[in-house]
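Here's the structure, in C-alpha cells; my notes come after.
Hydrogens, waters and symmetry mates are skipped; everything else that's a heavy atom, side chains included, is used. Here the structure is a predicted model, which is why all the values come from computation and not from measurement.
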Amino acid sequence: MQSSPLNLRRATIWIGRLVLGGVFVYAGFSKLLMPNTHLWPMFVLRFSISMNISSFAQQVESYRMISPEAAQLVAHTLPFVEIVLGLLLLIGWRLRIWATAITAIMVGFLAVVTRAYLLHMDINCGCFGTPEKLTGMTIVRDGALSALAVLMTVFAFLEARKPHPWSAPEKA
C-alpha cells in the first residue's frame, strides 16, 4: 500500500522551507540593502551597502560576545550566508544538509538573543536591516522559528529513510 504524497511531515517540511527560506533571504537582503536610519539626512549614504554592513557590525558588537574584529567578520559574511542558505532551502537541493545548517544558526541566534534579553541589554536585535529593540517578542519569534527549523530537519531525515510515494516502484 502506497503512502499519501502529502502528510503532516511533508507539509511541515514544505512550510519550514518556505517560511525559513523566505525569512533568511529577507534577513540577508535587509542587512545589506535597508537604509540606515541614523544616516537619514545624508541621502548619498542612505543606500550604501558598506554603511549598512558597518551598522550591522555595531549591532553584532553590542552583544559583547566577540571581539570587534570578529564582529566585522560576522557582519561581512552573515548576510551573504543567510541569502545563500535561504535560497538553498527554498530550492530544496540537499535539504538535510541545509536544514541542519539553518537549524544550527537559528538555535545559535535564539541563544544569543535570549542571553542578551536575560542580561537586560538595551540593544537592537540586528535580526533585520532596520533597528529593532530586543524584546520578549523577539525571543518568542526566534523560538518559534527555531522550533520550526528543528521539526523541519527531523522530518527531513525521517522522510529520507523511505522512498517518496511518487517515485516508489509499483507493486503488482
Rounded to the nearest 0.5 Å, what separation is found between the [atom1] atom of [X] and the [atom2] atom of [Y]?
X	Y	atom1	atom2	value
I102	S146	CD1	OG	11.5 Å
S67	Q72	OG	CD	10.0 Å
L20	L89	CG	CG	6.5 Å
F56	L32	CZ	CG	9.5 Å
I53	L78	CD1	CG	10.5 Å
I139	L110	CD1	CG	6.5 Å

Identify whether [X] and [Y] are in the same connected component of the hydrophobic contact network (ILVMFWY, side-chain heavy atoms under 4.5 Å).
X	Y	result
M152	F157	no
V150	I97	yes
L73	V60	no
L119	V113	yes

>> Please list all pairs meeting side chain to side chain donor-acceptor pair (under 3.5 Å) that have one or both residues in residues 147-158, counting only residues at least two apart or in different chains.
In response: T103-T153
Is a side-chain N or O of [X] found less than 3.5 angstrom from the main chain of [Y], in a donor-acceptor match?
X	Y	result
W98	W93	yes
K31	Y26	no
R17	I91	yes
T138	L134	no

How close do [X] and [Y] get, counting heavy atoms only, and between which atoms?
X	Y	result
L95	A156	CD2-CB, 4.0 Å
I83	V25	O-CG2, 3.8 Å
P79	V74	CD-O, 4.0 Å
N52	L33	ND2-C, 3.7 Å
G126	Q59	CA-OE1, 3.1 Å
Y117	G136	CE1-N, 3.5 Å

>> Tell me every residue that passes salt bridge (charged side-chain N to carboxylate O under 4.0 Å, His left out) with R141, counting only those two or more places apart in sequence or in another chain.
In response: E132
> Taking it one step at a time, do D122 and K133 satisfy side chain to side chain contact (heavy atoms under 4.5 Å, CB included)?
Replying inline: CA-CA 7 Å; D122 188 27; K133 287 291 179 194; 3.8 Å; yes
>> Can you tell me if R115 has over 12 outside heavy atoms packed within less than 6.0 Å of its CZ?
In response: yes
>> Is it the case that atom CZ in F128 sees more than 12 heavy atoms from other parts of the structure closer than 6.0 Å?
In response: yes
> Taking only residues two or more places apart in sequence or in another chain, which ones pass ring pair (Phe, Tyr, Trp, His ring centres under 6.0 Å) with F80?
Replying inline: none
> So, do L88 and R94 sit near enough that their side-chain heavy atoms are less than 4.5 Å apart?
Replying inline: no
> Going by the angle between their ring planes, with limits at 30° and 60°, are F24 and F109 parallel, tilted or perpendicular?
Replying inline: parallel
